[in-house]
Structure formats: structure tokens, C-alpha cells
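Structure first, commentary second.
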Protein chains: 2
Amino acid sequence: MAHLHETACPGCESPDLAFARHDHAHCASDALTRAEALAAARGVRLTPVRRRVLEILLEEHRALGAYDVLNRLAAEGFGNQPPVAYRALDFLEEQGFAHRVRRLNAFAACMHPGEAHSPAFLICRACDKLSEAPAAPIRAALEAAGAEIGFTVEGSSVEALGLCPDCRGAGK
Amino acid sequence: MAHLHETACPGCESPDLAFARHDHAHCASDALTRAEALAAARGVRLTPVRRRVLEILLEEHRALGAYDVLNRLAAEGFGNQPPVAYRALDFLEEQGFAHRVRRLNAFAACMHPGEAHSPAFLICRACDKLSEAPAAPIRAALEAAGAEIGFTVEGSSVEALGLCPDCRGAGK
DNA sequence: AGATACACTGTAATAGTATAACATTGCAAG
DNA sequence: CTTGCAATGTTATACTATTACAGTGTATCT
């Protein structure tokens with residue numbers, strides 16, 4: 001999480017506060033910068049399509065369906081067949097720059113790429129925004145449950161549906 | 001969990017041990033019996049299609065796709081259009097007699113219906129069997145993570161992919 | 001520079017998952 | 001016995017995802 005700012009940046013200091021008011025432009029460009037650095041370090045290519053898809057996902061703390069992404073791409077002159085979107089999304093997921101949200105059949109940008117983590121999502125059923133929660137304790141509980149019966153956990157999807165602070169305040 | 005046996009029944013004494021050898025016929029008929037009792041108590045109808053779908057799901061500790069279920073139903077003289085399967089599956093899920101496994105786009109029978117629980121699944125990537133793990137600690141961790149940012153967890157899907165004891169022994 | 005190899009992108013076709021909408025049947029309460 | 005409602009059947013369609021193959025560009029080796 002170590003990076004420096006001139007000004008306070010709640011979105012970066014507490015990257016899990018997707019529901020809080022924060023400097024999102026910064027939050028997004030920061031994630032993008034980090035993805036670029038990681039890609040360079042790993043010797044993989046963040047090509048124009050891939051980069052654009054990541055930017056699109058970073059626009060909001062929401063998950064987008066592959067076809068939503070595809071429509072955006074097509075409108076911008078990229079290919080307009082499903083594999084164009086799926087390939088970019090698969091790449092981003094492999095590199096840990098984005099996550100798949102199975103509950104929504106959708107994809108969301110990762111807000112802190114590079115830090116090893118199995119994600120846990122908190123998804124607001126009212127406004128559709130989602131936040132990546134600190135998943136270490138959850139993952140530990142899951143591995144403990146597995147260990148009891150000799151099951152080795154290799155990967156996990158943890159997704160909670162509920163109400164974010166804003167929507168709860170609004171009584172939805 | 002309270003029910004009586006003449007003989008030992010690992011499947012019922014530890015209903016989470018889907019990967020262990022156990023008296024599955026009993027394990028399945030027990031879950032069915034409990035579902036019937038619950039349906040009666042709640043005043044909802046476990047109709048022939050619904051009951052048959054539950055039986056099919058109970059045959060193995062595996063998740064089945066809606067279309068797998070549908071094919072079985074069609075072969076047995078029920079309707080052969082998707083809504084036939086989806087409606088029955090939705091009913092079973094609402095009543096807590098089955099769960100949706102989002103990672104697999106599939107459905108699995110609940111092995112201990114009636115006990116309030118948000119399920120946590122351990123899915124073996126080698127043999128496709130799955131087990132419902134005790135989810136209380138996991139759910140607690142998830143709710144704690146939510147609470148920190150004012151998020152109210154209403155429901156959750158927790159699914160781990162990995163290797164079951166048998167398949168790990170077999171070196172897969 | 002030219003040849004080669006490979007990763008990436010584009011496109012067409014198709015497979016798999018899920019729902020909306022409406023007609024029909026059959027049980028259940030009055 | 002009829003009225004109402006839940007459940008089922010059926011048609012059509014929407015949404016999600018993958019396979020397969022063709023073309024393009026980029027990096028590397030000589």
C-alpha cells in the first residue's frame with residue numbers, strides 16, 4: 001500500500017472504502033499506474049484493448065458485464081465480438097488487475113493490484129456498487145474449515161450481498 | 001441435527017463429510033425426509049416435480065446444472081422446457097432445500113435443511129464433489145468486515161475450489 | 001534486412017445459462 | 001360448484017461464454 005501523496009486520499013489510504021466519498025479520479029489512476037508497473041515488471045503487455053478495459057472497469061466501483069465492456073470497446077473502434085472482451089478480461093484477472101464477480105456474472109477492477117489476495121466482495125443490492133473487503137480473516141476461516149476434513153483450499157470466491165451505508169441511510 | 005438411528009451413520013453425524021465414505025442412501029433419504037417435514041410445517045407444497053428434482057440432486061454430492069436436471073425430468077415425462085427445471089430449483093433454494101453454486105452455474109442439494117445457515121462450499125476441482133462446510137465462523141468474519149465500513153450483510157456466497165482428501169491422496 | 005516464431009486481435013459460428021410472457025391445469029376455500 | 005390461486009406447460013427470447021480459424025503485428029535470431 002506504500003505510495004506517496006501530496007494530499008489526503010481516502011480512496012488510497014483505505015482502498016476498501018468504495019462506498020465512502022473519495023477522490024475517485026486519483027483512486028482509479030493510481031490503480032492503473034500500479035497495474036502498468038506490475039505488467040512491466042512481469043514482462044506481460046498491457047496492450048491498448050487491455051488497458052482500455054481496465055480503465056473502463058476503473059470508472060466506477062461497480063462490476064460490469066462482459067457485454068457492457070464489449071459495447072464500450074466496439075463504440076471506440078475495437079473489435080465487437082465477445083472474445084475481444086473476454087480475452088482482455090481474462091488477462092486482467094490472471095494478472096490480478098481485475099476480479100470476476102460470479103454472483104453478478106460480471107467483472108470489477110481490483111483496487112489494490114499487486115498485493116496477494118483472494119478477494120471478498122461486499123455488493124450493495126440497492127446501488128450495485130461493490131467494495132473489496134480485507135479477506136485474510138475470511139480466507140483463514142475457510143481454510144480452517146477445509147483443513148478439518150482434509151480439504152486443501154486453492155482458490156475462493158467470497159461475495160456478500162447487502163446494503164451499503166449510503167443506501168441503508170436512504171432506507172432501501 | 002437431532003434424529004435417531006439404529007446404526008451408526010457418518011453421513012448424518014457429520015453431514016459435512018461429503019468426501020468421506022458413508023451410507024449415502026441413508027444420508028439422502030434423511031435429507032429428503034427432513035425437507036418433506038419442513039415443507040409440511042411451512043404449508044408449502046413439495047410437488048412431484050419439486051420432489052423429484054430434490055431426489056436427483058441428492059443422488060450424489062455433486063452440483064448439477066439446470067439443464068442436466070431438465071434432461072432427467074424430460075426423460076421421466078415432466079416438461080422439457082427450461083422453466084420447469086428453474087422453477088423447481090428456485091423453489092428448493094427459497095426453502096433452503098438446495099443451494100445454488102455460482103462458481104459452477106449449478107445447484108446442489110442441501111445436506112442439512114432446516115438449520116439456518118448461509119452455505120460455504122468446498123468444491124473439489126478433480127472429482128467435482130462438493131461439501132457444505134460449517135459456515136458460521138466464515139459468515140462472522142464476513143459480517144465483521146462489512147461492519148467496519150457500515151455494510152450490512154444480508155446474504156453471502158462462499159465457495160472454495162481445491163482438492164478433496166481422496167483426490168489429494170491420488171495426487172491430482 | 002529478412003525470416004521465423006509467437007502473442008495478440010479480429011471475426012464467425014455456436015454452446016450454455018436463464019428469464020419473460022402467456023396459456024392451461026388442477027387443487028382448495030368459500 | 002365456482003371462484004381464485006398456485007403450479008405446470010410451452011413458446012420465444014435474452015444473456016453469458018467458448019471454440020475455431022484467419023489475419024496482424026512485434027520481437028528475436030541470423
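This one's a predicted model, so the numbers in the text were calculated from it and none came from an experiment. Lettering of chains follows the sequences in order, A, B, ..., and the numbering in each one begins at 1.
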side-chain hydrogen bond (donor to acceptor under 3.5 Å, both in side chains) partners of [X], counting only residues at least two apart:
| X | result |
| --- | --- |
| A:Glu60 | A:Arg62 |
| A:Gln95 | A:Arg42 |
| B:Ser29 | none |

Pairwise ring-ring contact (aromatic ring centres under 6.0 Å, His included) hits with a residue in residues 139-172 of chain B, at least two apart: A:Phe19-B:Phe151
Where at least one partner belongs to residues 33-56 of chain B, residue pairs that pass ring-ring contact (aromatic ring centres under 6.0 Å, His included), sequence neighbours excluded: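 Passing the test, one end in residues 33-56 of chain B: no pairs.
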Taking atom [atom2] of [N] as reference, at what distance in whole Å does atom [atom1] of [X] sit?
| X | N | atom1 | atom2 | answer |
| --- | --- | --- | --- | --- |
| A:Leu70 | C:dT11 | CG | P | 11 Å |
| A:Arg52 | C:dT9 | CZ | C1' | 18 Å |
| A:Glu94 | C:dC8 | CD | C1' | 13 Å |

Within-4.5 Å side-chain heavy-atom neighbours: B:Val158 and B:Arg139: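 A side-chain contact is absent here, since even the closest heavy-atom pair is not under 4.5 Å.
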Side chain proximity check, B:Arg100 to B:Ser157, heavy atoms < 4.5 angstrom: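 Not in contact.
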Outermost DNA chain D nucleotides near chain B [under 4.0 Å, heavy atoms]: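 Both ends considered, the range comes out as D:dA7 to D:dT11.
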Summary of protein contacts for nucleotides 24-30 of chain C, nucleotide by nucleotide, where a base hit scores B, a sugar-phosphate-only hit scores S (4.0 Å, heavy atoms): -------
Salt bridge (Lys or Arg N to Asp or Glu O under 4.0 Å) pairs, two or more places apart, involving residues 147-161 of chain B: A:Arg125-B:Glu154
Between side-chain atoms of residues 77-88 of chain B and protein atoms elsewhere (two or more places apart, or another chain), which donor-acceptor pairs fall under 3.5 Å?
none

For A:Phe121, the rest of its hydrophobic cluster, which grows through side-chain links under 4.5 angstrom: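 A:Val101, A:Leu104, A:Ile123, A:Leu130, A:Leu161, which link up through side-chain heavy atoms under 4.5 Å apart, make up the rest of the cluster.
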Residues B:Arg72 and B:Glu59 bridged, charged N to O under 4.0 Å: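 Salt bridge between B:Arg72 and B:Glu59, a charged N being under 4.0 Å from a carboxylate O: yes.
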Flag, side chain of A:His26 to backbone of A:His24, donor-acceptor distance under 3.5 Å: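 Pair absent, no side-chain N/O of A:His26 close to backbone of A:His24.
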Just the table, please: protein N/O against nucleotides 14-21 of chain C N/O, every pair under 3.5 Å.
| from | atom 1 | to | atom 2 | distance (Å) |
| --- | --- | --- | --- | --- |
| C:dA18 | OP1 | B:Arg100 | NH2 | 2.9 |
| C:dA18 | OP2 | B:Tyr86 | OH | 2.9 |
| C:dA18 | O5' | B:Tyr86 | OH | 3.2 |
| C:dA18 | N7 | B:Tyr67 | OH | 2.6 |
| C:dA18 | N6 | B:Tyr67 | OH | 3.4 |

Side-chain N or O of A:Asn80 closer than 4.0 Å to phosphate OP1/OP2 of C:dT11: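 For C:dT11, OP1/OP2 do have a side-chain N/O of A:Asn80 under 4.0 Å.
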Helical bend (five base pairs per end, nearest 10°) for the helix from C:dA1-D:dT30 to C:dG30-D:dC1: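 The end axes of the helix from C:dA1-D:dT30 to C:dG30-D:dC1 are about 30° apart, to the nearest 10°.
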Distance (rounded to the nearest 0.5 Å) between A:Cys110 SG and A:Leu92 CG: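 Interatomic distance, A:Cys110 SG to A:Leu92 CG, rounded to 0.5 Å: 10.5 Å.
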